[in-house]
Amino acid sequence: MPPERIRVAVLASGRGSNMTALLDAAREPSYPAEIALVLSNNPDAPALRAAAEAGVAARAIDHRPYRGDREAHERAIDAALQQAGIGCVCLAGYMRLLTPWLTGRWAGRMLNIHPSLLPAHPGLHTHERVLEAGETRHGCTVHLVTEGMDEGPILGQATVPVLPGDTPDSLAVRVLAEEHVLYPAVLARHLAQMAAVPAA
Ligand code: GAR
């Protein structure tokens, strides 16, 4: 019998191209994850529509009614994750800062993808900042989520060269293509490691 697949949730706030890359990878029967749930804080996120069209349970949990009470919003997210029997969470363009409450609950089981070679350039506008700094290498990082924004142990990186004439948009396209390969590969590797070390 094939090993049981881990139920993974994707949290996305916008376009959802990394979510789609994870969904595509999980169509392969030997892939160790089943993408069982997609959540968004943004009811209008294209990611939600794409997930529903792909036949995946997709739900908005809007942060706005919580009026700045981040932990209350996260409790609703966590309840949805628990209800769906989720074992691992992938942040994919989820543009909310998380509190230590949620990151603590999912320690070692929550991954994020970021468009830079962390620890360089956490935060927004990474492509602009790489160009402004005159750097010759750029890329993306998948890391475990901890309390600090875009911090946490690095699980994998992919590098792209910065080419003469590059603009933030041209760099973004090249980095995003690498994100779509890196995230499914790193998730598979991480799930294999999680399975080898059962939770306490
Ligand atoms: C991706 O480039 C991802 O790395 C970035 O948002 C984009 C989402 O695109 N995430 C961050 O900047 C997190 N700090 P997508 O919705 O098409 O996957």
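Indexing begins at 1, ligand by ligand and atom by atom, following the structure's order. Just so you know, these numbers come straight off a predicted model, no measurement behind them.
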How far is atom 14 (N) of ligand 1 from the closest protein heavy atom, and which atom is that? His114 ND1, 3.0 Å
Tell me yes or no: between the side chains of Glu132 and His125, is some donor less than 3.5 Å from an acceptor? no
Option passing side chain to side chain contact (heavy atoms under 4.5 Å, CB included) with Val38 (candidates Val56, Leu11, Val8): Val56
In this structure, does ligand 1 have an atom that sits under 4.0 Å from one of the heavy atoms of Gly16? yes
shortest atom 15 (P) of ligand 1-to-protein heavy-atom contact is with Ser17 N, 3.4 Å
Under 3.5 Å, is there a donor-acceptor pair linking the side chains of Glu147 and Thr103? no
Should the proximity of Glu179 to ligand 1, defined as any heavy atom under 4.0 Å, be assigned to the side chain, the backbone, both, or neither? side chain
Could you point out which residue of Val162, Val175, Asp166 forms a side chain to side chain contact (heavy atoms under 4.5 Å, CB included) with Val130? Val162
Considering only non-hydrogen protein atoms, determine which one is nearest to atom 10 (N) of ligand 1 and report residue, atom name and distance to 0.1 Å. Ile113 O, 3.5 Å
Using non-hydrogen atoms of the residue, decide whether Met95 is closer than 4.0 angstrom to ligand 1. yes
Please list the nearest protein heavy atom to atom 5 (C) of ligand 1 with its residue and the distance rounded to 0.1 Å. Pro115 CD, 3.7 Å
Count the heavy atoms belonging to other residues, nucleotides or ligands that lie under 6.0 Å from CD of Gln83, then report whether that count exceeds 12. no
Check Asp150 against ligand 1 and report side chain, backbone, both or neither, counting heavy atoms closer than 4.0 Å. side chain
Side-chain H-bond candidate by donor/acceptor type, His138 with Thr159, under 3.5 Å: no
Looking at atom 6 (O) of ligand 1, what's its closest protein heavy atom, distance included? Gly93 CA, 3.7 Å
Quick note on ligand 1: atoms under 4.0 Å from a heavy atom of Arg15 include exactly 9 (O), 15 (P), 16 (O), 17 (O)
If we only count heavy atoms from C-beta on, is the Leu102 to Met110 side-chain gap below 4.5 Å? yes
